Every structure is written in C-alpha cells, then in structure tokens.
Amino acid sequence: MKIERHSKIVELIGKYDIETQEELAEKLNEAGFRVTQATVSRDIRELKLTKVATDGGRQKYVVLHKTDSSLNDKYIRILRDGFLSMDMAQNILVVKTVPGMAMAVAAALDALRFHEIVGCIAGDDAIMCAVRSVDDTIIVMEKLRRVMSPK
C-alpha cells in the first residue's frame with residue numbers, strides 16, 4: 001500500500017501544483033487513499049520531496065533528483081539547439097528537430113523526466129512522444145515552452 005501511495009504522490013505532484021501537506025492529503029483521499037496529515041508528512045520525508053517556487057510566486061512540491069546541474073544545463077542546451085517545432089495529435093507529441101538531432105533531443109527529453117511522457121521514439125529529424133493523455137500533452141508542450149524560453 002505504501003509503494004502505491006508513494007507512486008500516487010509522485011504522480012499527483014507531477015500533475016498538480018500542490019503547495020501544502022493538506023492539499024496533498026486531500027488529493028490522496030480523493031484518489032482512494034485514506035491518509036492523515038502525519039502520514040503525508042512522513043511520505044514527504046521518505047520521498048525527499050522539496051518545495052520550489054512557481055511562476056506565480058507560489059510554491060509546489062517536487063521530487064528532489066540528485067543530478068549534476070551542469071548535466072541538466074547540457075540537456076537544455078541540446079533541446080534549445082536541436083528543437084525546431086512541436087505539434088500534438090491527441091496524446092502524441094511530435095517534436096521536429098534539426099536534421100540528425102532527434103536522438104539527442106529525445107535523450108534530453110527523457111532526462112527531464114516529465115511524468116506525463118511515457119516514452120519517446122526518435123528518427124533523424126522528428127520525435128514521437130507517447131503522452132499519458134490529451135491534457136497531459138498540453139501540459140508537456142507548456143513545460144517545453146518554458147524550458148526553451150531564455151531566462
């Protein structure tokens with residue numbers, strides 16, 4: 001039960017901007033997990049969740065991945081260098097790239113670990129990403145726009 005609950009927590013914080021333990025407990029209860037605030041607090045510690053600022057000045061929980069930030073910067077650079085455009089067909093996201101860059105851009109997309117993306121298949125200049133739902137495809141497109149925009 002704990003593993004399923006932890007999996008659901010990671011899914012929920014990937015899908016929603018959850019700011020408090022109470023919000024997370026409410027979402028878990030809606031999903032059929034009967035939890036208390038104390039259980040959620042323990043789960044947050046065990047999953048090593050942390051809060052980050054959102055665009056609106058609020059905060060949300062995220063999974064803290066121990067990654068080399070220079071490696072993340074490289075993946076973002078690859079995305080920016082190889083990316084040309086994107087379009088959706090239901091729950092499939094098609095990303096067009098510079099010729100010869102699709103595999104590198106697909107690897108960069110995989111490294112971003114967007115919960116909504118199930119997997120990517122790359123050709124020479126195009127990538128097909130299987131996304132969990134149509135709504136998630138829209139979310140991924142917005143996330144990519146934010147990653148692609150210069151800071």
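Only this structure's heavy atoms are used, side chains among them; waters, hydrogens and symmetry mates stay out. Just so you know, these numbers come straight off a predicted model, no measurement behind them.
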Exercise. Between V98, D125, V105, which is the residue that forms a side-chain contact (heavy atoms from CB on, under 4.5 Å) with L84?
Worked result: V98

Exercise. How long is the gap from CZ on F114 to CG on D136, to the nearest 0.5 Å?
Worked result: 12.0 Å

Problem set entry | Y61 side, atom OH; I9 side, atom CD1 - distance, nearest 0.5 Å | 10.5 Å

Problem set entry | Joint hydrophobic cluster, M86 plus I127, side-chain heavy atoms closer than 4.5 Å | yes

Exercise. Same cluster for V134 and L144 if Ile/Leu/Val/Met/Phe/Trp/Tyr side chains link at under 4.5 Å?
Worked result: yes

For this session: Report the C-alpha distance between K27 and I18 in whole Å, list the side-chain angles of each, state the deciding distance to 0.1 Å, and finish with yes or no for side-chain contact (heavy atoms from CB on, under 4.5 Å).
Result: CA-CA 9 Å; K27 293 280 188 196; I18 297 177; 4.1 Å; yes

Anything under 3.5 Å between a donor and an acceptor, one on a side chain of residues 30-39, the other on a protein residue two or more places apart or in another chain? List them.
unit_1: R34; atom_1: NH1; unit_2: N29; atom_2: O; d: 3.0
unit_1: T36; atom_1: OG1; unit_2: A38; atom_2: N; d: 3.4
unit_1: T36; atom_1: OG1; unit_2: T39; atom_2: N; d: 3.2
unit_1: T36; atom_1: OG1; unit_2: T39; atom_2: OG1; d: 3.1
unit_1: Q37; atom_1: NE2; unit_2: Q21; atom_2: OE1; d: 2.0

Exercise. Does the side chain of E116 reach to within under 4.5 Å of the side chain of T137, using non-hydrogen atoms?
Worked result: no

Problem set entry | Worked check of side-chain contact (heavy atoms from CB on, under 4.5 Å) between C129 and L109 | CA-CA 9 Å; C129 300; L109 282 170; 3.9 Å; yes

Exercise. Is the closest side-chain heavy-atom distance between E26 and E22 below 4.5 Å?
Worked result: no

Problem set entry | Nearest-0.5 Å distance, CE of residue M103 to CD1 of residue I78 | 13.5 Å

Exercise. Counting distance only, does the side-chain N/O of D124 pair as donor-acceptor with the main-chain N or O of G100 below 3.5 Å?
Worked result: yes

Problem set entry | Within one Ile-Leu-Val-Met-Phe-Trp-Tyr cluster: L28 and Y16, side-chain cutoff 4.5 Å | yes

Problem set entry | Atom pair NZ/CG of K60 and L49 - distance to nearest 0.5 Å | 12.0 Å

Problem set entry | Spacing of K15 atom NZ and I13 atom CD1 [to the nearest 0.5 Å] | 14.0 Å

Seminar exercise, completed: Looking only at heavy atoms, the pair that brings M88 and Q90 closest together is CE-O, 3.3 Å

Seminar exercise, completed: Taking every heavy atom of Y75 against every heavy atom of A107, the minimum-distance pair comes out as CE2-O, 4.3 Å

Exercise. Which atom pair, heavy atoms only, marks the closest approach of K96 to A126?
Worked result: CD-CB, 4.3 Å

For this session: Kindly give the heavy-atom pair with the smallest separation between A102 and T97, and that separation in Å.
Result: N-OG1, 3.3 Å

Exercise. Which other residues end up in the same hydrophobic cluster as I92, if Ile, Leu, Val, Met, Phe, Trp and Tyr are linked when side-chain heavy atoms come under 4.5 Å apart?
Worked result: V94, M128

Exercise. Just wondering, do L24 and I44 contact through their side chains at under 4.5 Å, heavy atoms?
Worked result: yes

Exercise. Are L79 and L112 side-chain neighbours, meaning at least one heavy-atom pair lies under 4.5 Å?
Worked result: yes

For this session: Quick one: do M141 and R145 satisfy side-chain contact (heavy atoms from CB on, under 4.5 Å)? Show the steps, please.
Result: CA-CA 6 Å; M141 290 176 78; R145 283 185 192 101; 3.7 Å; yes

For this session: Look at D43 together with R5 and state whether they make a salt bridge at an N to O cut-off of under 4.0 Å.
Result: yes

For this session: Please indicate whether K51 has more than 12 foreign heavy atoms, meaning atoms of other residues, nucleotides or ligands, lying under 6.0 Å from its NZ.
Result: yes

Problem set entry | In one Ile/Leu/Val/Met/Phe/Trp/Tyr side-chain cluster, 4.5 Å: V10, I139 | no

Exercise. In terms of hydrophobic clustering (I, L, V, M, F, W, Y; side-chain heavy atoms under 4.5 Å; direct or indirect links), are L93 and M148 co-clustered?
Worked result: yes

Exercise. Sequence neighbours excluded, which residues qualify as salt bridge (charged side-chain N to carboxylate O under 4.0 Å, His left out) partners of R45?
Worked result: none

Seminar exercise, completed: So NE2 of H6 and NZ of K8: to nearest 0.5 Å the spacing works out to 14.5 Å

